[in-house]
Protein chains: 2
Amino acid sequence: MEARIEKIKQQLQSQGYKLTPQREATVRVLLENEEDHLSAEDVFMLVKEKAPEIGLATVYRTLELLNELHVVEKLNFGDGVARYDLRGDNNKHHHHHLICVQCGSMQEIQEDWLGPLEERLEQEFHFTVIDHRLDFQGICKHCREKEREREQQAQKDDNADV
Amino acid sequence: MEARIEKIKQQLQSQGYKLTPQREATVRVLLENEEDHLSAEDVFMLVKEKAPEIGLATVYRTLELLNELHVVEKLNFGDGVARYDLRGDNNKHHHHHLICVQCGSMQEIQEDWLGPLEERLEQEFHFTVIDHRLDFQGICKHCREKEREREQQAQKDDNADV
DNA sequence: GTTCATGCAAACAATTTGCAAAATA
DNA sequence: TATTTTGCAAATTGTTTGCATGAAC
């Protein structure tokens, strides 16, 4: 944890930025909630618990800065709010999202499935890939089971009606 | 063109909606600019040329309606505006985006590269895929060539300096 | 004549910006 | 002291909503 903060501090300083207390608090919140996809508002509320004097604009400015430095990745799942994900050490994200259209849950796949495709892009399209984004919308395991139960229940009800 | 409008008209009517003149004008703009990814504002301005009395809210409502009917797909490229893409006949979009981070251009790949991956999701993750989205960020062919020219020029300048 | 759709203006939500004050190198 | 950074409030942007009017079956 401390090591990762130190690293981010150096990334900031190498570009002439400082790791102020507010920025550090923001980074800590991101580290502590690494598995989530927090919105700026989410981050703001969590940071406020530790540093109540912080302003929302500062959080936005910090997240934008971290995004430029590729410390976080700004994601957009189409719900009108930007979400921020800490990036791994390689500054490239190799994970994909499974978004359930029924319950809204989101699962991550921590593998990169696109290596062969990126090679093909380079060769066939002369396009140099820097980053990618792969999301799937669908029905998650959990909702699919519930759906099945509901169908069975409906069937019983139908039979009872007759 | 007329055939496609007729089809959309039937899709609307089958759900109890009408193809009003405003909606038709909106659909025509989408058809005429099928290769672009228009924002609501873009559509509004183009529709206004034909039907100046139309309101922006109507355009938003129409696009939202078409999205629900899966006539268009609402896309979000992270620039803060929703964009709308006409869907193909199969109501599923099988194309991917190459977004150049240098010039902002966007190229479409009209193939589906994800079939095998979706099968794997079904089997390994028990996730039923309804739709997907695959974007690549990188440097397009054009910018890469320009970059190379610029580097060569810089090299010459360096030599001149010495 | 009831239902559906429109245009306008106001409301809204997420984000950005201006600026004076505070912190830091 | 010169430069960043902050907090606050106001401004901006994209989008949605309320409502009275108008059109369509």
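Nothing here was measured: the structure is a model prediction, and the numbers come from that model. Order of the sequence lines sets the chain letters (A, B, ...), proteins ahead of strands, with each chain counted from 1.
As rounded to whole Å, 19 Å separates atom P of D:dT5 from atom CG of A:Leu56. One atom, CD of B:Glu53, and another, C1' of C:dA5, lie 13 Å apart when rounded to the nearest Å. Rounded to whole angstrom, the span from the CG atom of B:Leu12 across to the C1' atom of C:dA5 amounts to 12 Å. Separating the CG atom of A:Asp79 from the C1' atom of D:dT15 is a distance of 14 Å, rounded to the nearest angstrom. Between A:Ile54 atom CD1 and D:dA9 atom P there is a gap of 16 Å when expressed in whole angstrom units. Computed from coordinates, the B:Leu38 CG to D:dG14 C1' distance equals 16 Å when rounded to whole Å. At whole-Å resolution of the value, NZ in B:Lys18 and C1' in D:dA24 are 5 Å apart. Between the CG atom of A:Leu63 and the P atom of C:dT15 there is a distance of 10 Å, rounded to whole Å.
Contact annotation for A:Glu41: no contact, since no heavy-atom pair falls under 4.0 Å across all strands.
In this structure, the side chains of A:Asn76 and A:Arg133 come closer than 4.5 Å at one or more pairs of heavy atoms. Within the 4.5 Å cutoff, side-chain heavy atoms of A:Leu65 are placed close to those of A:Tyr17.
Distances were taken from every side-chain heavy atom of B:Thr20 (C-beta onward) to each of C:dT6, C:dA14, D:dT16; the shortest belongs to C:dT6. Of the candidates D:dC8, C:dT16, C:dA9, C:dA9 carries the atom nearest the B:Ala57 side chain, counting heavy atoms from C-beta on. Distances from the side chain of A:Arg23 to the nucleotides D:dT5, C:dT6, D:dT16 place D:dT5 closest. For A:Tyr17, whose side chain is taken as the heavy atoms from C-beta onward, the closest listed nucleotide among C:dA14, D:dT6, D:dT5 is D:dT5. Listed nucleotides: C:dC4, D:dG14, C:dG18. Nearest to the side chain of A:Arg61: C:dG18.
A sub-4.0 Å separation between OP1 or OP2 of D:dT15 and a side-chain N or O of B:Tyr60 is present. Applying the 4.0 Å criterion to OP1 and OP2 of C:dA23, one finds that A:Gln22 has every side-chain N and O outside that range.
Here B:Arg83 does not pair with B:Glu41 in a salt bridge; the nearest charged N to carboxylate O distance is not below 4.0 Å.
A:Asp42 contributes a side-chain N or O that, together with a main-chain N or O of A:Ser39, makes up a donor-acceptor pair within less than 3.5 Å.
Each of A:Leu38, A:Val29, A:Val59 was evaluated against A:Phe44; a single residue qualifies, A:Val59, per the side-chain contact (heavy atoms from CB on, under 4.5 Å) test.
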